> 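Mind having a look at this structure? Questions to follow.
Just so you know, these numbers come straight off a predicted model, no measurement behind them.
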Amino acid sequence: MNQNQVIGNNLKMYREKFGLTQDILAEYLGINREEISYYENGKRIAPTNVLYEAAKLFGIDEFDFYETDMESSGIKVALAFRADTLGIEDLKQIADFRKIVLNYLKMKQTLADEHPNS
């Protein structure tokens, strides 16, 4: 499996886990649905700005899209929702909130690593 397929599989897995259609994710990302399909099938390289914005929405690090073994990666999706009743602005606010939480958790882990006895 090449890198585009790994990224595509992970993008699709997260999209489905969050109950998003390709249309909704495409609208959130400001691209068309066909591009999402190409990315998910590994036929095109997903640009970094697309991976960054998708990672914000899913509450993960964008490098998690490159993970080949999702079962043992330890990635947890703490907050799932159904997007049936959410608008694009709701998704953008959720993505911004998740990015803040992810950054907070990374800072907290860094401090714990630097000061293990405190």
Side-chain angles (χ1 to χ4, degrees):
M1 183 179 306
N2 68 39
Q3 190 174 44
N4 289 346
Q5 291 168 324
V6 170
I7 293 169
N9 285 344
N10 289 335
L11 181 63
K12 182 177 181 179
M13 185 269 302
Y14 280 111
R15 179 182 60 76
E16 289 177 346
K17 186 172 272 190
F18 282 84
L20 299 174
T21 64
Q22 288 183 340
D23 287 320
I24 291 173
L25 182 59
E27 186 175 349
Y28 164 76
L29 294 170
I31 59 178
N32 62 48
R33 189 204 59 77
E34 288 78 15
E35 288 177 274
I36 297 293
S37 179
Y38 286 132
Y39 302 151
E40 288 183 354
N41 291 321
K43 293 181 179 174
R44 289 190 185 165
I45 299 170
T48 54
N49 64 317
V50 166
L51 294 179
Y52 175 79
E53 292 299 328
K56 278 177 45 180
L57 179 61
F58 299 139
I60 62 172
D61 191 284
E62 54 266 33
F63 297 109
D64 293 334
F65 286 118
Y66 296 86
E67 182 62 53
T68 56
D69 185 7
M70 297 303 285
E71 294 296 323
S72 63
S73 69
I75 297 172
K76 304 286 187 237
V77 178
L79 178 61
F81 57 89
R82 300 298 299 183
D84 299 352
T85 59
L86 299 176
I88 297 305
E89 287 304 314
D90 298 323
L91 293 178
K92 289 179 180 178
Q93 289 183 6
I94 289 169
D96 288 342
F97 176 73
R98 286 185 167 167
K99 186 66 176 175
I100 291 168
V101 170
L102 186 62
N103 287 340
Y104 168 76
L105 293 173
K106 285 180 180 178
M107 290 180 359
K108 186 177 176 182
Q109 185 61 48
T110 299
L111 287 172
D113 292 345
E114 290 179 0
H115 307 285
N117 297 326
S118 54

> Can you find a heavy atom in the side chain of Phe65 that is under 4.5 Å from one in the side chain of Ile60?
yes
> Please name all residues satisfying salt bridge (charged side-chain N to carboxylate O under 4.0 Å, His left out) with Glu53, sequence neighbours left out, ordered by chain then number.
Lys56
> Are Ile31 and Tyr28 connected, step by step, through hydrophobic side chains (Ile, Leu, Val, Met, Phe, Trp, Tyr) whose heavy atoms are closer than 4.5 Å?
yes
> For the CG atom of Leu111 and the CE atom of Met107, what is their distance to the nearest 0.5 Å?
7.0 Å
> Is there a side-chain contact between Ile7 and Gln3 in this structure, where contact means two heavy atoms from C-beta onward sitting under 4.5 Å apart?
yes
> Leu105 and Ile100: same hydrophobic cluster, using ILVMFWY side-chain contacts below 4.5 Å?
no
> Would you indicate whether the side-chain heavy atoms of Met13 and Asn9 approach each other to under 4.5 Å?
no
> Can you name the residues that form a side-chain contact (heavy atoms from CB on, under 4.5 Å) with Glu34, not counting sequence neighbours?
Asn32, Tyr38
> Please check: side-chain N/O of Asp96 versus main-chain N/O of Gln93, any donor-acceptor pairing under 3.5 Å?
no
> If you round to the nearest 0.5 Å, how far is CD of Gln5 from OG1 of Thr68?
13.0 Å
> The criterion is side-chain contact (heavy atoms from CB on, under 4.5 Å); which residues satisfy it with Lys12, sequence neighbours excluded?
Arg15, Glu16, Glu40
> Please name all residues satisfying salt bridge (charged side-chain N to carboxylate O under 4.0 Å, His left out) with Lys43, sequence neighbours left out, ordered by chain then number.
none
> Can you confirm whether Lys99 sits close enough to Tyr52 that some side-chain heavy atom of one is under 4.5 Å from a side-chain heavy atom of the other?
yes
> Mark yes when over 12 heavy atoms from residues, nucleotides or ligands other than Ile45 sit less than 6.0 Å from its CD1; otherwise mark no.
no
> Okay, side chain of Asp90, backbone of Gly87: is any donor-acceptor separation there less than 3.5 Å?
yes
> Hey, are the side chains of Asp61 and Lys106 touching, using non-hydrogen atoms and a 4.5 Å cut-off?
yes
> For the residue pair Ser37 and Gln22, what are the closest heavy atoms and their distance?
CA-NE2, 3.7 Å
> Give, for atom CG of Asn41 and atom CD1 of Ile36, the distance between the pair rounded to the nearest 0.5 Å.
11.0 Å
> Identify whether Leu20 and Ile88 are in the same connected component of the hydrophobic contact network (ILVMFWY, side-chain heavy atoms under 4.5 Å).
yes
> With rounding to the nearest 0.5 angstrom, report the OG1 to CG distance, Thr48 to Leu51.
7.0 Å
> Do Asp64 side-chain atoms and Ala55 backbone N/O form a donor-acceptor pair below 3.5 Å?
no
> Check which hydrophobic residues are tied to Met1 through side-chain heavy-atom contacts below 4.5 Å, counting indirect links as well, and list them.
Val6
> Taking the side chain as C-beta and beyond, is there a heavy-atom pair between Leu25 and Leu11 under 4.5 Å?
yes
> Glu114: which residues meet the salt bridge (charged side-chain N to carboxylate O under 4.0 Å, His left out) condition with it, sequence neighbours left out?
none
